[in-house]
Number of protein chains: 2
Amino acid sequence: MCGYADGGVNRLLGTGRAFTPQPESGGVPVSHRPTLADVASAAGVSVSTASLAFSGAGPIADATKQRVLDAAASLGYSGPNPLGRQLRSGKSGIVGVVVGDALRRAFREPVAVQLLDGLVDTITPLGLGVLLIPGPTSPEQPAVDPLVESAAMDIAVMLWGGTLDDPTLEALARRGIPVVVVEGHDLTDVVTVGIDDRGGMADLAAHLRDLGHERVATVTLPFGPDRRGGLADTARLQDIAWSIPRRRLDGLVDAGVQPVAVYETPASLVEHGAAAARALLAGPVGSRPTAVVAQSDLLASGVVLGARELGLRVPEDVSVAGFDGLDLPWLAPDVLTTVVQPIADKGAAVGLAVGRILAGETPEDEVLPVALRTGTTTGPAPR
Amino acid sequence: MCGYADGGVNRLLGTGRAFTPQPESGGVPVSHRPTLADVASAAGVSVSTASLAFSGAGPIADATKQRVLDAAASLGYSGPNPLGRQLRSGKSGIVGVVVGDALRRAFREPVAVQLLDGLVDTITPLGLGVLLIPGPTSPEQPAVDPLVESAAMDIAVMLWGGTLDDPTLEALARRGIPVVVVEGHDLTDVVTVGIDDRGGMADLAAHLRDLGHERVATVTLPFGPDRRGGLADTARLQDIAWSIPRRRLDGLVDAGVQPVAVYETPASLVEHGAAAARALLAGPVGSRPTAVVAQSDLLASGVVLGARELGLRVPEDVSVAGFDGLDLPWLAPDVLTTVVQPIADKGAAVGLAVGRILAGETPEDEVLPVALRTGTTTGPAPR
DNA sequence: GGCCCTTATCGAATCGATTCGAGGCCGTCG
DNA sequence: CGACGGCCTCGAATCGATTCGATAAGGGCC
């Protein structure tokens with residue numbers, strides 16, 4: 001209930017310093033790391049004037065400023081201590097970025113990495129830095145990372161959605177930390193940045209329909225934190241917790257494509273795509289799907305590899321399409337048919353929203369457009 | 001020279017708060033975010049007692065503690081402000097992790113990601129968090145990120161080496177921030193964690209030699225920040241700035257393998273490996289190398305793909321080996337011959353070193369062992 | 001009953017910087 | 001010559017918590 005019992009944060013922090021302040025009678029350089037006060041007294045000015053020399057926030061004579069800077073140099077003072085500055089300003093300059101998984105998995109997803117890159121590029125000029133906050137490492141234990149409870153941050157960004165009852169989201173709300181959610185859905189008190197998943201997927205489905213495909217299977221992203229893998233029956237389709245697989249499925253249906261099979265994967269990885277291909281494409285030619293739509297490019301490339309393994313030609317025997325628009329060098333010379341999303345722009349949009357929230361504005365939710373890219377992995381339905 | 005002119009950090013931070021503190025004559029709940037003092041007065045105890053209720057660092061009666069916690073709950077106080085705590089303790093609980101490149105590139109490297117993951121796993125229980133600090137984005141401009149100059153951090157970790165004159169390393173030294181360098185070399189005042197590149201590569205070279213290979217080419221990681229791509233002549237071999245390509249080259253020679261060609265890549269990516277294969281393996285069978293050793297698995301898998309593109313069979317026509325020991329699902333069913341390094345252990349070792357330094361100890365440099373894994377991509381030299 | 005020790009609480013100092021309003025000095029203008 | 005204004009500099013308050021030493025209350029033991 002309270003969550004205040006020392007959750008480890010104090011292991012290294014709370015022990016204080018064993019440092020004993022020596023009386024220091026003379027003007028001799030002190031033994032601890034110099035502070036602004038030391039610099040000021042060495043330069044023969046007041047602390048406030050010394051502060052001005054560094055911050056530039058106020059009138060100061062050039063000669064005085066130089067004297068302070070010289071004193072700082074001779075004392076080995078390397079600028080104002082960020083901790084003091086932060087307490088005073090009430091801002092830490094830190095953007096907490098919550099990734100939805102352990103890093104090693106979350107960052108195998110190029111989309112997440114590129115998004116993060118775009119975000120960093122945008123907020124660096126604002127003087128902000130990114131604190132990485134891993135999501136729940138084990139699927140069973142939805143505990144929030146201790147950093148969510150007690151790290152200093154001015155705002156948080158959640159990569160990959162999150163539902164309204166997400167414990168991380170709740171903890172952040174309790175702390176009064178504003179949040180930007182990437183690909184969220186139905187969230188209140190939170191700014192959302194996303195793409196037009198549904199429309200993009202509908203375009204892709206229409207493309208396949210126009211090519212004459214009538215038996216289309218689909219390979220989805222995880223439905224929720226339980227991350228199952230395998231064919232999903234009707235019941236399972238009811239409990240899709242995360243919004244991206246939901247919206248991308250809906251897009252298919254929007255274009256009149258009712259998938260003959262839905263294969264759920266535990267993660268967006270090549271190997272799971274290959275497993276899906278083995279499960280979906282093993283049947284005889286008459287009943288086998290003529291096209292497979294994957295909800296990510298990594299899954300799609302796994303499907304391509306799996307299909308080849310089964311001796312099927314792409315796209316002559318089976319068409320394969322993905323979603324994201326990544327570069328997939330190991331598929332060369334093939335080019336995946338996919339829906340290209342503007343990942344770097346999305347990161348920038350998130351960064352922009354972060355900046356505006358911190359500036360006191362309340363930006364609108366944003367939905368970025370996507371574009372169908374037809375490659376060489378889709379073709380007319382066989383016969 | 002000074003670097004103190006506001007480098008952007010103040011864009012959002014230094015503006016202070018436009019908040020005007022209302023006089024507040026009664027005991028009415030105040031309008032700003034409640035502080036420990038508010039909680040204390042609401043609970044009818046002193047601030048110090050209230051502090052004890054949260055930190056547990058001292059004797060406190062259960063009833064009192066409960067009263068404080070209740071008051072906190074009714075005021076919406078969600079725990080001590082980390083900024084105040086940090087200033088007092090002098091610790092930020094932040095580990096700055098300097099990646100050697102823009103994130104989107106650095107994190108295409110699975111080794112970096114897994115290492116980071118291992119590091120995070122290790123330091124999370126210590127109450128520490130990772131602040132991401134991108135390296136120089138453009139190769140021309142070796143400016144250090146503003147975060148290096150002025151972000152709060154207790155210690156920094158540099159992924160991927162860095163030389164003694166690295167401006168980032170200099171800036172951190174000036175600030176008095178301790179540093180752990182991954183795969184560094186010849187560095188003073190810094191703890192280094194690395195692997196036995198040279199020995200591992202020597203083992204691999206011996207393996208190829210034993211298979212009868214006499215014409216061995218090698219594909220290397222970037223030599224330095226200029227990141228050229230192409231065949232390296234003798235002159236170019238002199239200015240290898242970064243230590244990993246250097247040591248891995250040396251390892252080959254240690255085992256008596258003098259490479260017939262050295263192809264330098266601008267980054268450890270599949271596509272550069274493929275390009276290397278096209279450059280190295282295009283010649284006639286008599287002069288063509290019979291084996292290619294890449295300095296990373298991503299490069300090696302590019303070489304395999306490039307070789308196949310040229311119509312060469314692996315390993316019948318050409319043997320290919322890598323370094324790192326990654327899972328490469330898209331190479332299946334082939335298994336790359338490679339040198340396996342304990343990446344997660346390396347991350348844990350870095351985390352451990354971080355913890356010990358913060359605890360006041362001075363850990364030794366560490367060199368982790370590697371192991372040769374022979375797969376299906378190397379075989380006897382053709383005839 | 002007095003003394004001592006333990007336990008609980010409090011007051012005040014401290015961490016390192018920023019910022020606001022006050023005041024000093026000097027030059028200029030009337 | 002006096003008043004006014006501009007430019008610098010300074011002192012003091014403040015941000016929000018932790019912690020040390022002092023104090024008081026309560027209980028056990030002789």
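Just so we're on the same page: letters track the sequence lines, and every chain starts at 1.
- Remark: of the listed residues B:V97, B:L147, B:V95, B:I133, B:I133 is the sole one forming a side chain to side chain contact (heavy atoms under 4.5 Å, CB included) with B:M153.
- Separating the CG atom of A:L83 from the P atom of D:dT18 is a distance of 14 Å, rounded to the nearest angstrom.
- The side chain of B:R85 lies closest to D:dA17, out of C:dA17, D:dA17, D:dT9.
- Between A:P80 and A:L36 the shortest side-chain heavy-atom distance does not fall below 4.5 Å.
- OP1 or OP2 of C:dC10 sits under 4.0 Å from a side-chain N or O of B:T49.
- A distance of 7.5 Å separates CG in B:D154 from CD1 in B:I94, rounded to the nearest 0.5 Å.
- Here C:dT7 presents its P atom at 15 Å from CD1 of B:I60, a figure rounded to the nearest Å.
- Rounding to whole angstrom units, CG of residue B:L36 and C1' of C:dC10 are separated by 13 Å.
- Atom CG in A:D38 sits roughly 9 Å away from atom P in C:dG16 (whole-Å rounding).
- Listed nucleotides C:dT9, D:dT19, D:dT9 differ in distance to B:A57; the shortest reach to its side chain belongs to D:dT19.
- Contact check, B:Y77 against D:dG16: no side-chain N or O comes under 4.0 Å of OP1 or OP2.
- Regarding B:Q86, its CD atom lies at a distance of 14 Å from the C1' atom of C:dA17, rounded to whole Å.
- Between A:R88 and the phosphate of D:dT14, there is no side-chain N or O to OP1/OP2 separation shorter than 4.0 Å.
- In this structure, B:N81 atom CG and C:dC15 atom C1' are separated by 14 Å, rounded to whole Å.
- At the phosphate of C:dC10, OP1 or OP2 sits under 4.0 Å from a side-chain N or O atom of B:S46.
- Positionally, the nearest nucleotide of DNA chain C for B:K65 lies more toward the 5' end than for the other of B:K65 and B:G84.
- Between the CG atom of B:L52 and the P atom of D:dC20 there is a distance of 11 Å, rounded to whole Å.
- B:Q86 has its side chain within reach of A:Q86: a pair of non-hydrogen atoms, C-beta onward, lies under 4.5 Å apart.
- Both A:P59 and B:L87 sit near DNA chain D, but only A:P59 has its closest nucleotide nearer the 5' end.
- As a whole-Å value, the separation of A:R67 CZ from D:dC8 C1' is 12 Å.
- When each of A:V182, A:D166, A:V180 is paired with A:M158, the side chain to side chain contact (heavy atoms under 4.5 Å, CB included) condition holds for A:D166 and for no other.
- Note on A:S48: a base of the nucleic acid sits closer than 4.0 angstrom, heavy atoms only.
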